[in-house]
Each structure stands twice: as structure tokens, then as C-alpha cells.
There are 2 protein chains.
Amino acid sequence: MSISSRFAVGIHILVLIEMNKDGVSSSEFLAESVNTNPVVIRKIMGMLKKSGLVEVHPGKAGAKLAKDLSDITLLDVYKAVNVVQDRALFSIHQNPNPKCPVGRNIQDTIEPIFEASQIAMEKVLENVTLEDVVKDISKKENIIC
Amino acid sequence: MSISSRFAVGIHILVLIEMNKDGVSSSEFLAESVNTNPVVIRKIMGMLKKSGLVEVHPGKAGAKLAKDLSDITLLDVYKAVNVVQDRALFSIHQNPNPKCPVGRNIQDTIEPIFEASQIAMEKVLENVTLEDVVKDISKKENIIC
DNA sequence: TCACTTGTAATTATAATGATTACATGTAAC
DNA sequence: GTTACATGTAATCATTATAATTACAAGTGA
């Protein structure tokens, strides 16, 4: 299975808020760019707000970033939108048979490996900031246009 | 979401076949240790067989490893049981708005980052062999018993 | 032949996702 | 203060993957 697109959408939203900083980024505006329903955007925005990444107020149109672009890593976004729980990227079968040497040890043996693997994946996300993403998009736009 | 427990069960199965190499590892025997249904085991076994990790024959009870323990990495098992497709650990929303600079570039920008992240995760699995897992379990058993 | 095994198809319950409708609540311009 | 419009949320629905289970065809060997 795949990690929910909430993560990719979260990045999209934050980048667009930045690049549209002189305009008003309402949930409808953002939804049009992502190509989804405004409610989906508002739900994700709620998570980003809870994690202190955006400022948004009931009744007041438009969202703003709550931090500098360079202070938000992709790992921050990933954690904010709850796509993967800590130590739970890999699921391990429950209740293996304790009467069997393999059954009673397999969980403790593979858990640290799975955890290390998940952490390696997350480290890569931690080393990329939204600023990097915005710069890359700006660069692509200049070449194309 | 989490990666299917097929992966953990696949490891469990292969380790148990090895540690029970003097006995007969039928799907029912394996299912008892994993604590699941024999059909689940046979389905996973089919994938492991297709990838050349085990030898198993219709009508003939018992499975054997098709390679040396030290020649099977956790990545081999992971690939065999099809829990994550190539470049698809993270899903990216389809059809973002091409009229928006962010919409028309977001996919190309974040895809390489997601791919690098997935590869980092898989590299960790590649560096662990079934031999390592068996040794760890054996060590734990000696301490406990 | 018979008991037992593997290989598979089909069915079911459960859970997450993403889209959508509906509506309560907050904001600000008039 | 009313009105237009925005956010916040609950509820519903279709889709999809998982894991368990039943049923049965086909292979194996005593």
C-alpha cells in the first residue's frame, strides 16, 4: 500500500500559499490548484494548523505560513498530516505462536530493523525544506516559460 | 497506512523453514507458528516461490529454501511479497491544475524526493540477511532458556 | 485407491482513503 | 444588524487493500 496523498497535497498547499503570498489563499483557491474538494483542503489545513505550520482563522478568508519557508522540512509536513505513525510504517502480524522459538521472538527481532528502515526514509524528508521545493518549481518555470 | 504484514509473515516463514530444516514445513505447520490460516501461508509461499526463494511442490508436503540463508536479504523478501511497488511508497495526487505554476510542476518536483526516500528505506532492508535474523533469534533463545 | 498436500478462486468483514453534502460558526463590508 | 462569504466538522458513500475463511481442483506417495 501507499502513503496517503495527504502528504503530497500538504506540500502542494504550503508551496502555493507561499507563491501566492500577495493574494488570498482560500480553501477554494487551493482546491482548484490541487484539483480536489475544498473540504479536503480544509481538513488537511486543520492538521497543518494544529502542527503550527499555517495560520488560518474561522470566517476569515486566506491562509498564511506560520514559519519561514526554510524552517519547514518535508518531515514536518509528513508528521503534521499523520500519514504514517511512529514505528508503524511496517505492520507486524499479531499473536504469533509463543510455543515456537520463531513465534516468540520474531517481533522483537524485526521491529528494530523496521524502525531503522522507517527512520532512514524519514531522514531524507527531513533534509528537504519547502524552500528547496519552491526554488525547484521556480527554476522549472523559468526554463519552460 | 502501513505496509502489509505479508512482509513480516514472509520473513517468519522463511526463518522457520530454516530452523525446522530437519522437519517438514507444511503450510499448516507454518500457519500454526504465524497464527493464521494455512491458505494465507500458501498464498505468500506462492509469491516467495515465484521469486525463487523457496522450493515447494503441489501435493508434496514441506517447503525448503531455494538459496543460502546469507544470500537472501530482507529486501528480497519485501520485493517478493509485493507490499510496495517501485516508486510508489508515496502516492501523489493526480491531475493537479496545469494552469497553476505549482499544479503543473509539483509532481515532477517531489517525485525524485519521494523516490530517494523510498530507496533509503529499502537500502536498510538490503543490508540485513535472513542469516542475521536467524542468528538474532538463536541468541535470544539461548539467553532466555 | 486413499489420505493428505498444494494451488486457487470466491466470499466476507474490516479499515483507510478521498469526494461530497450539509450545516454550524466566525468575519467583515454594507 | 443583516448579508455574503469563509472556515470547521460531522456524516455519508464508493473504492480499494487486507486478512481470514470456505470450497474445491489437482498432484503425491504409501
Side-chain angles (χ1 to χ4, degrees), chain A residues 1-10 12-13 17 20 23-51 54-64 66 81-85 88-97, chain B residues 1-10 12-13 17 23-51 53-64 66 81-85 88-97:
Chain A
M1 243 258 183
S2 284
I3 291 171
S4 166
S5 67
R6 274 204 306 278
F7 180 29
V9 172
H12 187 143
I13 288 172
I17 290 172
N20 184 46
V24 176
S25 295
S26 66
S27 63
E28 197 177 332
F29 168 79
L30 297 169
E32 225 169 86
S33 172
V34 172
N35 191 27
T36 185
N37 194 290
V39 176
V40 171
I41 299 294
R42 291 202 289 270
K43 237 184 289 187
I44 294 174
M45 198 79 79
M47 300 184 192
L48 298 173
K49 180 184 183 180
K50 202 170 166 187
S51 294
V54 296
E55 281 172 14
V56 53
H57 305 280
K60 208 170 156 188
K64 297 288 174 189
V81 296
N82 277 314
V83 282
V84 178
Q85 305 309 308
L89 174 59
F90 299 90
S91 47
I92 302 181
H93 51 299
Q94 296 301 315
N95 311 316
N97 193 337
Chain B
M1 245 256 181
S2 284
I3 291 171
S4 166
S5 67
R6 274 203 306 280
F7 180 30
V9 172
H12 187 144
I13 288 173
I17 289 173
V24 176
S25 296
S26 66
S27 65
E28 197 177 332
F29 168 79
L30 296 169
E32 224 171 87
S33 172
V34 172
N35 192 25
T36 184
N37 194 290
V39 176
V40 171
I41 299 294
R42 291 203 289 271
K43 235 182 292 186
I44 294 174
M45 198 79 80
M47 300 184 192
L48 298 174
K49 181 184 184 180
K50 201 171 167 186
S51 294
L53 302 184
V54 296
E55 282 173 14
V56 54
H57 306 279
K60 207 171 156 185
K64 297 288 175 190
V81 296
N82 277 314
V83 282
V84 178
Q85 305 310 307
L89 174 60
F90 298 90
S91 47
I92 302 181
H93 50 298
Q94 296 301 315
N95 311 314
N97 194 337

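Below, read A as the first sequence line, B as the second, and so on, with proteins coming before strands; counting in each chain starts at 1.
Between B:His12 and A:Pro96, the shortest heavy-atom distance links the atoms CE1-CB, 4.0 Å. When all heavy atoms of A:Ile17 and A:Lys64 are compared, the pair lying nearest together is CG2-CA, 3.9 Å. Smallest separation of non-hydrogen atoms from A:Ala8 and B:Ile92: CB-CA, 4.0 Å.
One can place NZ of B:Lys50 at 13 Å from P of C:dG7, the figure rounded to the nearest angstrom. Rounded to an integer number of Å, the gap from CZ of B:Phe7 to P of D:dA19 is 13 Å. B:Ile44 has its CD1 atom 13 Å from the P atom of C:dG7, to the nearest Å. For the pair B:Ile41 CD1 and C:dT6 P, the computed distance is 11 Å after rounding to whole Å. When rounded to the nearest whole Å, the span between CD of B:Glu55 and C1' of C:dG7 equals 17 Å.
A side chain to side chain contact (heavy atoms under 4.5 Å, CB included) with A:Ile13 is found for exactly one of A:Val54, A:Leu30, A:Val81, namely A:Leu30.
A:Ser2 contributes a side-chain N or O that, together with a main-chain N or O of B:Ala88, makes up a donor-acceptor pair within less than 3.5 Å. Judged by distance alone, the side chain of B:Ser91 and the main-chain N or O of A:Ile3 form a donor-acceptor pair under 3.5 Å.
Counting heavy atoms from C-beta on, the side chains of B:His93 and A:Val34 come closer than 4.5 Å.
Contact annotation: B:Thr36 side-chain N/O to D:dA20 OP1/OP2 distance is under 4.0 Å.
For the segment residues 24-33 of chain B, the set of residues with a heavy atom within less than 4.0 Å of an atom of DNA chain D is empty.
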In 5'-to-3' order, the base (B), backbone-only (S) or no-contact (-) status of each nucleotide in nucleotides 24-30 of chain C, using a 4.0 angstrom heavy-atom cut-off, is --BSS--
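Rounding to the nearest 0.5 Å places OG of A:Ser5 at 7.0 Å from CD1 of A:Ile44. The CZ atom of B:Arg42 lies 8.0 Å from the CG atom of B:Asn37; values are rounded to the nearest 0.5 Å.
Checking C:dT6, D:dT9, C:dT20 against the side-chain heavy atoms of A:Arg42 singles out D:dT9 as nearest.
Across the interface with DNA chain C, nearest-nucleotide mapping of A:Val40 and B:Met45 shows B:Met45 to be the residue nearer the 5′ end.
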Return the polar atom pairs (N/O with N/O) between nucleotides 9-17 of chain C and the protein under 3.5 Å, or none.
none

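No more than 12 heavy atoms of other residues, nucleotides or ligands lie within 6.0 Å of NZ in A:Lys50, so this atom counts as exposed by the packing criterion.
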* For the pair A:Gln85 and A:Asn82, evaluate side chain to side chain contact (heavy atoms under 4.5 Å, CB included) and give the outcome as yes or no after the intermediate values. => CA-CA 7 Å; A:Gln85 305 309 308; A:Asn82 277 314; 4.1 Å; yes
